[in-house]
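To start, the structure itself, in structure tokens.
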Amino acid sequence: MTVWCDLDKVASAVGAWSKGIIGKLPEEFRPVASEVGGCAYVESTKGTGIVPVGVNPNGDVFVATRGLTLAANWMCSFSVAYAARQ
């Protein structure tokens, strides 16, 4: 399974050193047993950067910021791959 996002506009702000949910996958597209992750390229009026991105077994897609604050309407690009459900 590959979850791919190319410059999707995300409405909610995510403060520095926090985690923000940016989407939810349908059950048939979720990872089976554990969180999977990768990196996302993000752009906002406050800057650009690379942040961790992940998908939880409950379907939540999240970013975990570090020193970068993401303003409302920021853009996100990422790809995460993992074994599909059977």
Side-chain angles (χ1 to χ4, degrees):
M1 181 67 57
T2 299
V3 177
W4 175 75
C5 174
D6 183 27
L7 288 178
D8 187 28
K9 185 182 272 190
V10 181
S12 299
V14 180
W17 301 101
S18 65
K19 186 186 271 190
I21 304 299
I22 62 171
K24 185 126 182 140
L25 296 177
E27 188 170 343
E28 61 272 17
F29 297 111
R30 298 174 183 176
V32 177
S34 64
E35 181 179 289
V36 295
C39 291
Y41 174 76
V42 294
E43 301 176 40
S44 81
T45 58
K46 302 221 181 247
T48 62
I50 304 294
V51 298
V53 65
V55 180
N56 287 323
N58 70 359
D60 286 344
V61 180
F62 67 88
V63 294
T65 61
R66 299 298 182 250
L68 178 67
T69 295
L70 301 172
N73 295 319
W74 54 279
M75 306 296 279
C76 179
S77 299
F78 69 89
S79 177
V80 177
Y82 49 90
R85 288 183 179 261
Q86 297 196 1

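Just so it is clear, the model here is predicted, and its values are computed rather than measured.
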Please round to the nearest 0.5 Å and tell me the distance separating atom [atom1] of [X] and atom [atom2] of [Y].
X: Glu43; Y: Thr48; atom1: CD; atom2: OG1; answer: 6.5 Å
X: Trp74; Y: Leu68; atom1: CH2; atom2: CG; answer: 9.0 Å
X: Met75; Y: Asp6; atom1: CE; atom2: CG; answer: 8.5 Å
X: Glu28; Y: Met1; atom1: CD; atom2: CE; answer: 8.0 Å
X: Tyr82; Y: Arg30; atom1: OH; atom2: CZ; answer: 9.5 Å
X: Leu70; Y: Ser12; atom1: CG; atom2: OG; answer: 11.0 Å

Any side-chain to backbone donor/acceptor pair from [X] onto [Y]? Under 3.5 Å, distance only.
X: Asn56; Y: Asn58; answer: no
X: Thr65; Y: Ser18; answer: yes
X: Trp4; Y: Ser77; answer: no

Original post:
Side chains of Pro52 and Lys19: does their closest heavy-atom pair fall under 4.5 Å?
Top reply: no
**OP:** Would you sort out whether Phe78 and Val3 count as a side chain to side chain contact (heavy atoms under 4.5 Å, CB included), showing the intermediate values?
**Re:** CA-CA 8 Å; Phe78 69 89; Val3 177; 3.8 Å; yes
Grab the two heavy atoms, one from [X] and one from [Y], that are nearest each other, plus how far apart they are.
X: Thr69; Y: Ala16; answer: OG1-N, 3.4 Å
X: Thr2; Y: Ala81; answer: OG1-CB, 3.9 Å
X: Ala40; Y: Cys76; answer: CB-SG, 4.0 Å
X: Ala13; Y: Ala72; answer: CB-N, 3.8 Å

Original post:
Would Phe62 and Val10 show up in the same hydrophobic cluster when neighbours are defined by side-chain heavy atoms closer than 4.5 Å?
Top reply: no
